Amino acid sequence: MISFFTVLGRHIKSAFLSLFRHVAMTISSSSAVTVTLILFAAFLLLAGNISKFTGNIESDFRIHVVLNQDQMQQEQFDSMHSQLLALEHVEKAEFSSKDQELELYIEEKGEAFALYRGDSPLGNAFFVTVDSGDNIETVTQQIKNLPGVSNATYGGDSVSQMVDILNTVRIGGLAFVALLTFLAVFLISNTIKISIYARNQEIAIMRNVGATNHYIKMPFMIEGMFIGIFGALLPCLLAYFGYEYLYNTMGGQIFTSAFRLLTPIPFGVEVCVVLVLFGALVGILGSSHAVNKYLKWVR
Amino acid sequence: MIRMENVSKSYKNGVHALRDVNLYIGEGEFVYIIGPTGSGKSTLIKLLDGEEIPNTGEVHVAGIDVGRLKHKKVPIYRRNIGVVFQDFRLLPSLTIFENIAFALEVIGLDKVTIRRRVREVLELVSLSEKARSFPHELSGGQQQRATIGRAIANRPKVLIADEPTGNLDPEKSMEIMGLLEKINREQRTTIVMVTHDAQLVNRYKKRTIALEEGYVVADIQKGGYIAHD
Ligand SMILES: Nc1ncnc2c1ncn2[C@@H]1O[C@H](COP(=O)(O)OP(=O)(O)O)[C@@H](O)[C@H]1O
Ligand SMILES: [Mg+2]
C-alpha cells in the first residue's frame, strides 16, 4: 500500500495534466473568476480606506473646553483635569494655556491678533478626547455643566454627519462585497459545472474502474483551486499596481489629511493575498459542488 | 461466485429487460451469454457490475449483495471484478498506458508495481506499441483490447465482458479467446462473456446461457450455439 502523500502527488499531477489538456475550460473558468475578482478588489481597496477615514475622523473628535476667567491657578487646572478624566467616555484631556490658545487663534484668524501676545484675553482651556463619535454630544453637555467651565464645543454636526455617511458607505460596500462573493461562487461553480458536463462520462468511467467519489473529486478540487488562483493573478496585479499608481498620483490622500490613504505596502499586498486565497477557495468550492452533481448521476 | 435469484429488471420507460432470472455460476467457470439484440444481455451485465439495480430479486457476486450496495460503495465493490464494456469506456484524456494504470492506482498499488503490471498487460493484449497513444487514435479492435487489458489488470476474481470480440476480425477474436481462456485457466478467474459470435461459441465450447425477451430460455452445459427460430 502507498502513502497519503503519494496519492496527493498523483492527484496534483493529474490536476495539472487536466488543466493543460483542457486549456479552453481553464481559461474560461479562470476569466469568470477574474471578472468578479477585479470588482472584488476594487471594493476591498475602497472598504479598507473608508474604514481608515472613519477612524481618522473619529480620532479628530475633540472637545474644546474653555475655562472661566477666574480659573488661573495650577491647582485649579489640576482639579479640572481630574474632573474631566473622571467623566465617562473621556480618554484624554490636554491642557492648553491661554497663551497657547492665543497662538491657535492667531493661526486661525490671522496675524492681526498678534498684538495681544504677552497679554492673552482668552481663557485657559482643555482639549478633551472621547472614545467614540457617538458619545461626543453627551460628554460635551456634561462638561458645560461643570463649575468653572465657560464653554465647551466640538466640530459640530458636520463632523458627525461625515462619520454617518462614511459608515453608510462602509456598510453598503460590505453588503456589496458579500453579494459579489456569492456571485463569484455561483459563476465559478456554473462555469466548472458546464466544463465538467463534458466530462461526466469520465467521472462515470472512473467509478467503473473502482475509483471512490473522494478519489475522483480530489483532482477536480485541486484543479478548481488552481483555476481560482490563475483567475486571481490579474486582479491581484491590477489591484496592487493600480492602487500604487492611484496612491502616488493623489499624493497619498484625498483632499485633506483626514482622508489619508492606506499605503500600498502592506495594504495593496494584503488585498492581493486576500484575492488569491479567495480565488482558491471559490475554485475549490465551485468544483466540489459541480463534481458532486455528476457523481450522483450514475451508479 | 455469481448468484441471481428471481431477478427482474424493467426500465423507467416500461421495457422489461429481464424477467425472473435465476442463475448460478461457480468459481472458475467460463460462461457465454447469448441472445438476439434487445434480449437483455447488457442489462444482465449492468446488474452484475452494480450499474443497475434489480426491481425484484437478488444479485450476489463474490459474496456481495450487489443490488443493495450504497452509491459510494459501488466503486469499491468493482475492484473485485473486471468489466469489459461494449462501449469501451476508456478515459479520453489519458493514454492507453495511463488508462490501465489508472485502474491500478485507484486500488492503491505503488508506482513500480503498476508500471510492471501495465507493461505485462499491454504485452498480453498486444498493445505495447500503442502505450502512448490516446484512445481516439486507436481502431475499435485496439480500443477493445485496451479495455480487456484494463479489466484484467488487477487480476479480478470475476471478469464480465459485454461482446469483447464484437469489433474484432476473426483472427483477433481467436487471439482474445485464447487470452480469456488462459486467464480462466491459469488464474481461475470466473468469466461471463456476452457474445453474438456463433462461430466462436461453436468453436470454443463452453456453458452457454441463452436469453430471449428477458427470459433465460436455455442453459446448456456442453455449449454450442442455439439457432433462434
Ligand atoms: N437505459 C435504458 N433505458 C431504457 N431501456 C433500456 C435501457 N437499456 C436497455 N433498454 C432496453 O432494454 C432491453 C434490453 O436491452 P439490453 O440489455 O441492452 O439488450 P442486449 O444487450 O441483449 O441487446 C431493450 O429493449 C432495450 O431497448
Ligand atoms: Mg448489448
Side-chain angles (χ1 to χ4, degrees), chain A residues 1-26 29 192 195-223 226-227 287-288 291-299, chain B residues 45-54 66-95 98-114 134-135 146-147 149-154 156 160 162:
Chain A
M1 285 297 125
I2 52 171
S3 76
F4 168 77
F5 290 103
T6 316
V7 174
L8 191 69
R10 272 177 197 169
H11 285 320
I12 291 175
K13 187 177 158 236
S14 92
F16 259 102
L17 275 176
S18 173
L19 279 175
F20 289 113
R21 281 177 187 166
H22 303 89
V23 180
M25 114 130 194
T26 306
S29 309
I192 292 179
S195 56
I196 295 181
Y197 176 77
R199 294 209 258 162
N200 63 350
Q201 287 296 343
E202 257 177 83
I203 293 173
I205 295 169
M206 289 180 186
R207 281 178 57 85
N208 276 323
V209 297
T212 55
N213 293 351
H214 182 69
Y215 193 97
I216 295 170
K217 257 170 89 166
M218 237 355 188
F220 281 104
M221 281 163 71
I222 295 171
E223 206 178 319
F226 282 117
I227 285 173
S287 61
S288 164
V291 179
N292 268 345
K293 194 186 156 196
Y294 294 116
L295 280 173
K296 296 280 147 57
W297 265 19
V298 284
R299 250 174 85 77
Chain B
I45 296 289
K46 284 173 185 165
L47 287 171
L48 290 178
D49 99 315
E51 211 173 312
E52 296 288 351
I53 302 172
V66 183
R68 281 200 188 76
L69 281 176
K70 284 210 185 99
H71 183 270
K72 67 172 183 186
K73 296 281 182 202
V74 173
I76 295 165
Y77 153 70
R78 287 183 181 142
R79 295 172 183 185
N80 303 307
I81 62 171
V83 187
V84 178
F85 302 97
Q86 206 171 354
D87 50 358
F88 314 141
R89 301 196 191 174
L90 294 164
L91 289 162
S93 59
L94 300 185
T95 64
E98 290 166 341
N99 258 285
I100 298 173
F102 185 79
L104 299 175
E105 276 169 18
V106 299
I107 62 175
L109 294 184
D110 66 85
K111 217 174 195 157
V112 180
T113 314
I114 291 175
F134 288 94
T147 41
R150 182 181 61 185
I152 61 173
N154 66 342
I160 52 186
D162 200 348

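Within every chain, numbering begins at 1; the chains are lettered A, B, ... in the order of the sequence lines, protein sequences first and strands thereafter. Atoms considered below: every heavy atom in the structure, side chains included; atoms not considered: hydrogens, waters and symmetry mates. Predicted model, so just to flag it, every value in this text is computed and none were measured.
No side-chain heavy atom of F102(B) sits under 4.5 Å from any side-chain heavy atom of R150(B).
For Y77(B), no part lies near chain A; criterion is any non-hydrogen pair under 4.5 Å. For a residue to count as touching a neighbouring chain, one of its non-hydrogen atoms must lie under 4.5 Å from one of that chain's; by this rule F134(B) touches chain A with the side chain only. Contacts between L69(B) and chain A at a heavy-atom distance below 4.5 Å involve backbone atoms as well as side-chain atoms. Neither the backbone nor the side chain of L104(B) comes within less than 4.5 Å of any heavy atom of chain A.
Per-residue counts of heavy-atom pairs under 4.5 Å with chain A were compared for V83(B), I53(B), I76(B), L90(B); the largest is that of I53(B). Ranked by heavy-atom pairs shorter than 4.5 Å toward chain A, the options S93(B), G50(B), A103(B) are led by S93(B). Contact count versus chain B (heavy atoms, under 4.5 Å) is highest, among I216(A), T212(A), V209(A), N208(A), for N208(A).
Remark: side-chain polar atoms of H11(A) are not paired, donor with acceptor, to backbone N or O of M221(A) under 3.5 angstrom. Judged by distance alone, with hydrogens and angles left aside, the side-chain atoms of S287(A) form a donor-acceptor pair with the main-chain N or O of F220(A) at under 3.5 Å.
Applying the salt bridge (charged side-chain N to carboxylate O under 4.0 Å, His left out) test to every pair with at least one member in residues 76-90 of chain B, sequence neighbours left out, gives these pairs: D49(B)-R78(B), E51(B)-R89(B), D87(B)-R89(B).
Not a single salt bridge (Lys or Arg N to Asp or Glu O under 4.0 Å) links R207(A) to another residue, sequence neighbours left out.
In the model, N292(A) has a side-chain atom that pairs as donor or acceptor with a side-chain atom of K217(A) under 3.5 Å.
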